[in-house]
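Here is the structure we will look at.
In listed order, ligands and their atoms are each counted from 1. Start at 1 with the first residue, then count along the sequence.
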Amino acid sequence: MAIATISDLRPLAKRRLPRFVFDYLDGGAGDEKGLERNLLAFDEILLKPRMLVDVEERDFSTTLMGRKWSLPFGSAPIGFCNLMCPGGEKAVARAAKEANIPCILSTSGTTSMEKYREYAPQHAWYQLYVSRVPEIADDLVKRADASGYETLVVTVDIPVAARRARDIRNNFSVALKVTPKFVWELVSHPGWSLETLKAGIPRFENMERYTKLTGAKPVAGFVSSQISGRFNWDELKKLRDRWKRKLVVKGLLSAEDSVKARDLGCDAVVISNHGGRQLESLPAPIDVIGEIRAAVGPNYPLILDSGIRSGEHILKALAAGADFVLIGRAMMFGISALGPQGAKFVIDMLRDEMSRAAAQIGYTDIASLKAAAPIIRRGK
Ligand SMILES: Cc1cc2nc3c(=O)[nH]c(=O)nc-3n(C[C@H](O)[C@H](O)[C@H](O)COP(=O)(O)O)c2cc1C
């Protein structure tokens, strides 16, 4: 059957991936009500159409942080990305370059930042987790600088590791544990297992050099051990002073924090609840973006993620106050289901959905959509 929506990709990803991998990708914190809310919140917002507008010519390019992008979305940073699809990071970076959109490599990614930037020199951003050991964070920043990254994204919403029920039930941690169930999952998903074996078990290529430990499991344990709850506003200020190019803070959800980040000189913030993966009771970003926009003013760059699964969702986020969005699982479902070609597939699908939906409501570009803010909150 032909794939018509991003939602169609999810069951295909589920079929292709061993359960512990799919659950790592798909799961959220606690009973996953926050994850559900991220999606439901988009259903509570409707698009208000205006008719009799010439919509034949449409252009959804936009400028973010002084740079023109062909579309108002980019690919979010994903830890352990190549576990979902061998060669996944490379495929996403190449597809992003071709589409002229940004793609973000995670500190917990499985491609070294030096290599990743070569795949998409003008489009790759680097996402930093500030490690428990200060020298590691210092060196990661130094390497990002030396590699020529234009944009550093510092993620601040992981002061502690989350309790993700599915991962706990599956006995899954980034340090993979070999149990009979684990082996059964590999055997019953031969496509994924053979490809992963052929490509080599994904490695934490950014972090592995900072430990003397060797082997997938000990290195993964080391990466988890670097999660730190110490990073604070003073540390962010130091990072701002040190990093001379674009600095983005990812993982804020309040007007107060966003204003603080703006005043500290950060170039943009990502309003995000980490895709519902850290805490169940956080608001959906789409529900708070309006008040954050009102607080930071009309010109401060706001990026939104968590729950984007369609072109209509992208339009809603922009109309509600975001300038740009990131897609996390949508992209990952694509490459998990279809392999490396899934990256282009997802970008093309979102572009097409967004363009048709905009035409349907009478808009041909982002500036006019944002100016009119054509959304209706259901029941209001
Ligand atoms: C499997 C997975 C791994 C992730 N790893 C990271 C990470 O390493 N760094 C980070 O800043 N965010 C990470 N995120 C969060 C995403 O960057 C993004 O905020 C989130 O996926 C957006 O929600 P969505 O999946 O509903 O689009 C991860 C998300 C997923 C699903």
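Ring geometry, His274 versus Tyr129: the interplanar angle falls under 30°, so the pair is classed parallel (tilted spans 30 to 60°).
Under the side chain to side chain contact (heavy atoms under 4.5 Å, CB included) criterion, Leu264 pairs with Trp233, Leu236, Lys237, Arg240, Cys266, not counting sequence neighbours.
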Kindly list each side-chain donor-acceptor pair under 3.5 angstrom involving residues 314-327, sequence neighbours excluded, with atom names and distances?
unit_1, atom_1, unit_2, atom_2, d
Lys316, NZ, Phe42, O, 2.8
Lys316, NZ, Ile45, O, 2.8
Asp323, OD1, Arg293, NH2, 3.4
Asp323, OD1, Lys370, NZ, 3.4
Asp323, OD2, Arg293, NH2, 2.7
Asp323, OD2, Leu302, N, 2.8

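One distance of note links CG of Asp138 with CZ of Arg242; it measures 4.5 Å at 0.5 Å rounding.
The cationic atom of Arg19 (NZ for Lys, CZ for Arg) does not lie both less than 6.0 Å from the six-membered ring centre of Tyr24 and within 45° of the ring axis.
Every protein residue with a heavy atom nearer than 4.0 Å to ligand 1 is included here: Tyr24, Leu25, Ala76, Pro77, Ile78, Gly79, Ser106, Gln127, Tyr129, Thr155, Lys250, Ser272, His274, Gly275, Arg277, Asp305, Ser306, Gly307, Arg309, Gly328, Arg329.
Annotation: ring-ring contact (aromatic ring centres under 6.0 Å, His included) contacts involving residues 137-166, sequence neighbours excluded, comprise Tyr126-Tyr149.
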